[in-house]
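Before any comments, here is the structure.
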Amino acid sequence: MYWLLKSEPDEFSIQDLESKKQAPWDGVRNYQARNFIEQMTPGDRAFFYHSSCKSIGIAGEMEIVSAPYPDPLAINPKSAYFDKKSLNENKWLAIEVKHIQTYTQVLPLSKIKKIAETEPKMATFDLIKKGSRLSVMPVSSEQWQILSKLLS
DNA sequence: GCCAACGTTGGC
DNA sequence: GCCAACGTTGGC
């Protein structure tokens, strides 16, 4: 399957992932996003999306390299992502991701929205739906292909 | 920094 | 179970 994962580059960027090669994708604290993580399997591909920054858009590509596992940050009192309600039963999930590619240029959100105006297969993309704040979302294979073509 | 849209919480 | 209040996300 294909996915899109959002991160604020100030916190964690595609460049950070590139230098680390591999890293956990953790700290997701939204049920809908969690439920998507639950469906991930090793070998899945994902776009790395930069949000809340100067250059908003798809910045690179990565691969899911682990099965979902309980997010250790949720039960770590020192973590900013600590959730004391998870101490009894950790309900949050993380996965391990591997860097595949950093695009030479970020594919801007504005361009993705433009494409959606003429490409009906893009209309269902959660990313461009008004008010969508989902940080983990599926990408259909058609959508993946359309977007990949615009990247290098 | 603003604010619209959404999710969560908690009183009733 | 409703819904107001609050907190958060994220584009602009």
Side-chain angles (χ1 to χ4, degrees), chain A residues 1-20 23-40 44-62 64 68-97 99-140 142-144 146-152:
Chain A
M1 289 187 76
Y2 299 106
W3 308 96
L4 181 142
L5 307 182
K6 286 184 190 173
S7 176
E8 298 188 19
D10 288 346
E11 301 284 325
F12 186 66
S13 69
I14 185 73
Q15 288 78 18
D16 294 332
L17 181 60
E18 182 167 17
S19 61
K20 288 185 174 175
W25 198 277
D26 46 24
V28 173
R29 296 291 176 268
N30 170 283
Y31 287 104
Q32 220 183 330
R34 193 273 316 266
N35 293 341
F36 284 131
I37 292 178
E38 204 165 25
Q39 298 171 39
M40 292 181 179
D44 285 359
R45 288 290 175 110
F47 286 130
F48 195 125
Y49 180 89
H50 282 178
S51 69
S52 296
C53 61
K54 196 157 186 199
S55 187
I56 297 163
I58 297 174
E61 197 179 322
M62 53 197 158
I64 311 300
Y69 58 90
D71 184 350
L73 301 186
I75 53 166
N76 178 0
K78 287 185 187 142
S79 168
Y81 298 104
F82 175 59
D83 174 21
K84 69 176 176 206
K85 280 185 270 177
S86 280
L87 279 175
N88 291 329
E89 190 183 2
N90 190 350
K91 58 184 182 235
W92 300 115
L93 294 172
I95 33 116
E96 196 77 13
V97 296
H99 180 267
I100 297 291
Q101 198 176 356
T102 301
Y103 300 131
T104 48
Q105 279 186 316
V106 170
L107 178 64
L109 175 62
S110 57
K111 194 165 179 194
I112 298 169
K113 283 181 173 167
K114 260 258 155 57
I115 296 157
E117 287 172 14
T118 56
E119 177 49 76
K121 288 195 173 74
M122 276 295 165
T124 56
F125 196 19
D126 286 333
L127 182 70
I128 58 166
K129 285 184 187 159
K130 193 181 171 189
S132 171
R133 306 184 323 184
L134 208 51
S135 66
V136 177
M137 67 188 76
V139 179
S140 75
E142 289 95 345
Q143 289 163 356
W144 183 272
I146 291 163
L147 293 169
S148 292
K149 248 179 237 166
L150 302 163
L151 298 155
S152 54

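The sequence lines fix the lettering, A, B, ..., with proteins before strands; numbering per chain opens at 1. Since we're looking at a predicted model, the values are computed, not measured.
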Report yes or no: do Asn76(A) and Ser79(A) form a side-chain donor-acceptor pair below 3.5 Å? no

Could you label the plane-to-plane angle of the Trp25(A) and Phe48(A) rings as parallel, tilted or perpendicular, counting under 30° as parallel and over 60° as perpendicular? perpendicular

Under a 3.5 Å distance rule, please check whether His99(A) uses its side chain to pair with a backbone N or O of Gly60(A) as donor and acceptor. no

With a 4.0 Å cut-off (strictly under) to non-hydrogen atoms of chain A, the first and last hit nts on DNA chain C, 5' to 3', are dG7(C) to dC12(C)

If you look only at distance, which donor and acceptor atoms sit under 3.5 Å apart when one is on a side chain in residues 115-125 of chain A and the other is two or more places apart or in another chain?
| from | atom 1 | to | atom 2 | distance (Å) |
| --- | --- | --- | --- | --- |
| Thr118(A) | OG1 | Ile115(A) | O | 3.3 |
| Glu119(A) | OE2 | Lys121(A) | N | 3.0 |
| Thr124(A) | OG1 | Gln143(A) | NE2 | 3.1 |

NA contact type, Ser52(A), heavy-atom cut-off 4.0 Å: base, sugar-phosphate, or nothing? base

At 4.0 Å (heavy atoms only), tell me whether Lys129(A) reaches a base, stays on the sugar-phosphate, or touches nothing. nothing

With heavy atoms under 4.0 Å as the rule, sort Lys54(A) into base, sugar-phosphate or nothing. nothing

Would the distance check show the side chain of Asp44(A) and the main-chain N or O of Met1(A) forming a donor-acceptor pair, the cut-off being under 3.5 Å? yes

